[in-house]
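The sequence lines fix the lettering, A, B, ..., with proteins before strands; numbering per chain opens at 1. The analysis underlying the following values was restricted to heavy atoms, covering all of them including side chains, and did not include hydrogens, waters or symmetry mates.
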Number of protein chains: 2
Amino acid sequence: MAATVPKPTDAELEILCVLWSRGRSTVREVHEAITARKPTQYTTVLKQLQVMAGKGLVRRDESQRSHVYVAARTRDWTQRQLAGDLLQRAFGGSTGSLVLGALSETKATKRELAEVRRLLDEYEKGLPQ
Amino acid sequence: MAATVPKPTDAELEILCVLWSRGRSTVREVHEAITARKPTQYTTVLKQLQVMAGKGLVRRDESQRSHVYVAARTRDWTQRQLAGDLLQRAFGGSTGSLVLGALSETKATKRELAEVRRLLDEYEKGLPQ
DNA sequence: ACTATACTACGAGGAGCATCGTAGATCAAA
DNA sequence: TTTGATCTACGATGCTCCTCGTAGTATAGT
């Protein structure tokens, strides 16, 4: 069975973002990234990572004294989960509503709209039949 | 200043969905809708609504013995908040990624794609210049 | 060898969330 | 008027999340 990882919480998501952008990282490295935006104790980040490892959100290499952490799921995969989850919870499954919501909240420009259209085309190409 | 309402929690969102679809509702009516999908005590829903009123997520009319509740924000407004929030937290502000995430997670069909495109067109029409 | 530094493990505690039970008030029906 | 149903108010509990402090261990520098 595919190990089922839970939906990351807010704080966990922040850490995942660091891991996605940095790749394999030690606690210290993650901490430095996190604390730059929001001053936080080192052990807070450490504990988070330990909990996340327990949940299966991250994996770690303990072969060195400084353990090295990696996100267990890709950014894309997680984004799909979160978008799908929100879709069900708040949008009654209507993809169109979600898209519109995202667009209007961020005051998307014509340029971004074009980008979205382009992505739609690409996505459709990958569709069966 | 516009009263700033907090982001609704999962349980709160379920109740809001009921209020949005039913309109003005008593606790009993909300409870009936909620418990149909997930058996729940009457007082649980009542308490939720009371808390939500305190947070400003709903307003209530106490002129009758059975208080009548209304969502304080429209469905559209809330959806925009949630979509925008997720966008910032998980997608680094990239609307395109969010759209793709939602599409691929729900295995959107060609028909739905067409619908999304139509909405995009409409949205663009309302855009200034 | 000794001391300072860096690292992990882990327990504790505050805060919010979701749920429920009980108490007390109000109303309606017999 | 008494009884039963219906409603609100609210306290209590268990859970998760987040944060931090302390303890213990390994490493490195002098």
- Intermediate values then yes/no, side-chain hydrogen bond (donor to acceptor under 3.5 Å, both in side chains), A:Ser63 and A:Asp61: CA-CA 6 Å; A:Ser63 64; A:Asp61 173 2; 2.7 Å; yes

- Positions of residues 6-37 of chain B (non-hydrogen atom under 4.0 Å from DNA chain C), listed by number: B:Thr9, B:Asp10, B:Ala11

- Message: With a 4.0 Å limit, can you tell me whether A:Gln50 has a side-chain N or O closer than that to the phosphate oxygens OP1/OP2 of C:dA9?
- Response: yes

- Do any side-chain nitrogens or oxygens of B:Tyr42 fall under 4.0 Å of OP1 or OP2 in C:dC20? no

Residues two or more places apart in sequence or in another chain: which of them pass side chain to side chain contact (heavy atoms under 4.5 Å, CB included) with [X]?
X        : value
B:Asp121 : A:Arg117
A:Thr43  : A:Gln41
B:Val70  : B:Arg24

- Message: The criterion is ring pair (Phe, Tyr, Trp, His ring centres under 6.0 Å); which residues satisfy it with B:His31, sequence neighbours excluded?
- Response: B:Tyr42

- Query: For A:Thr26 and A:His67, what are the C-alpha separation, side-chain angles and deciding distance, and is it a side chain to side chain contact (heavy atoms under 4.5 Å, CB included)?
  - Reply: CA-CA 6 Å; A:Thr26 62; A:His67 299 174; over 6 Å; no

- Would you say A:Gln79 and B:Phe91 make side-chain contact, with heavy atoms under 4.5 Å? yes

- B:Arg60: what forms a salt bridge (Lys or Arg N to Asp or Glu O under 4.0 Å) with it, not counting sequence neighbours? B:Glu62

- With sequence neighbours left out, the residues meeting salt bridge (Lys or Arg N to Asp or Glu O under 4.0 Å) with A:Glu32 are none

- Item | Per-nucleotide protein contact string for nucleotides 21-30 of chain C (B base, S sugar-phosphate only, - none; heavy atom under 4.0 Å) | BB---BS---

- Message: Quick test of your reading of the model: are B:Glu115 and B:Arg118 salt-bridged, counting only N-O distances below 4.0 Å?
- Response: yes

- Task: Return the residues of residues 51-63 of chain A meeting this criterion: a heavy atom under 4.0 Å from some atom of DNA chain D. Order them by number, or give none.
- Result: A:Lys55

- Taking the side chain from B:Thr35 and the backbone from B:Thr40, do they hold a donor-acceptor pair closer than 3.5 Å? yes

- Message: Suppose the criterion is salt bridge (Lys or Arg N to Asp or Glu O under 4.0 Å): which pairs have a residue in residues 41-51 of chain B, not counting sequence neighbours?
- Response: none

- Note on the structure: The first and last nucleotides of DNA chain D lying within contact of chain B, meaning any atom under 4.0 Å from one of its heavy atoms, run from D:dT6 to D:dG11

Pairs of donor and acceptor atoms involving the side chains of residues 13-23 of chain A, under 3.5 Å and at least two apart or interchain, shall be tabulated with distances.
unit_1  : atom_1 : unit_2  : atom_2 : d
A:Glu14 : OE1    : A:Arg37 : NH2    : 3.0
A:Trp20 : NE1    : A:Arg73 : O      : 2.9
A:Ser21 : OG     : A:Cys17 : O      : 3.4
A:Ser21 : OG     : A:Val18 : O      : 3.2
A:Arg22 : NH1    : A:Ser25 : OG     : 2.8

